[in-house]
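Written out below as structure tokens is the structure these notes cover.
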Amino acid sequence: LEMALMLPMLLLVLIGMMETTRMVMIHQRTEKMAFTMADIVAQAETISTADMNMILGAASHVMNPYSFGAAGRVIVSSISKSGTNPPTMN
């Protein structure tokens with residue numbers, strides 16, 4: 001009788017712990033991907049479209065084994081200054 005009452009609660013706690021662990025792992029991978037992409041982009045003086053496609057393609061490899069998928073986004077922005085012109089965001 002006690003087992004029949006406690007089993008659903010124990011299963012709920014177990015599934016909750018598994019999902020929480022998965023969420024933490026995905027969060028860590030996302031942070032690692034953001035750091036890696038920022039590091040690669042910051043090292044380049046100039047970046048071509050082909051370079052950006054390769055860099056953004058690497059994002060899915062950093063996220064493995066989790067899916068980056070169609071809903072994933074990588075936003076790259078930069079600030080540049082040319083001569084005496086004010087800084088602009090690219």
Side-chain angles (χ1 to χ4, degrees):
L1 181 66
E2 292 87 15
M3 187 65 169
L5 294 173
M6 290 304 294
L7 188 60
M9 295 286 272
L10 290 174
L11 287 174
L12 185 65
V13 169
L14 177 66
I15 291 171
M17 287 175 24
M18 288 172 26
E19 284 299 310
T20 301
T21 302
R22 184 175 175 270
M23 181 193 69
V24 168
M25 294 289 289
I26 290 173
H27 186 268
Q28 288 176 344
R29 289 287 179 153
T30 304
E31 283 183 352
K32 182 178 180 182
M33 180 195 58
F35 177 76
T36 303
M37 297 301 112
D39 188 42
I40 291 171
V41 170
Q43 291 180 18
E45 293 269 334
T46 60
I47 297 179
S48 68
T49 303
D51 292 337
M52 281 304 298
N53 289 334
M54 287 176 47
I55 290 169
L56 298 178
S60 62
H61 293 290
V62 175
M63 284 296 290
N64 276 342
Y66 304 107
S67 174
F68 190 56
R73 302 278 190 270
V74 175
I75 299 171
V76 178
S77 62
S78 67
I79 298 176
S80 62
K81 183 173 186 214
S82 176
T84 58
N85 297 331
T88 59
M89 179 179 262
N90 303 322

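All heavy atoms count here, side chains included; hydrogens, waters and symmetry mates do not.
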| field | Connected via hydrophobic side-chain network under 4.5 Å: Met3 and Leu11 | value | yes
| In Å, rounded to the nearest 0.5 Å, how long is the span from CD of Gln28 to CE of Met23? | 10.5 Å
| query | Is the shortest heavy-atom distance from the side chain of Arg22 to the side chain of Met25 under 4.5 Å? | reply | no
| said: I want to check something: taking the side chain as every heavy atom from C-beta on, are Glu2 and Leu5 in contact at a cut-off of under 4.5 Å? | reply: no
| request: Look up atom CG in Leu14 and atom CD in Glu19, then write down how far apart they are to the nearest 0.5 Å. | output: 10.5 Å
| request: Identify the heavy atoms of Arg29 and Pro65 that sit nearest to each other, and give their distance. | output: NH2-CD, 4.1 Å
| note | All heavy atoms of Met33 vs all of Ala59, minimum pair found to be SD-CB, 3.5 Å
| So how far is it from Leu56 CG to Met54 CE, rounded to the nearest 0.5 Å? | 11.0 Å
| Closest approach of Met37 and Val62, non-hydrogen atoms and distance? | CE-CG2, 4.3 Å
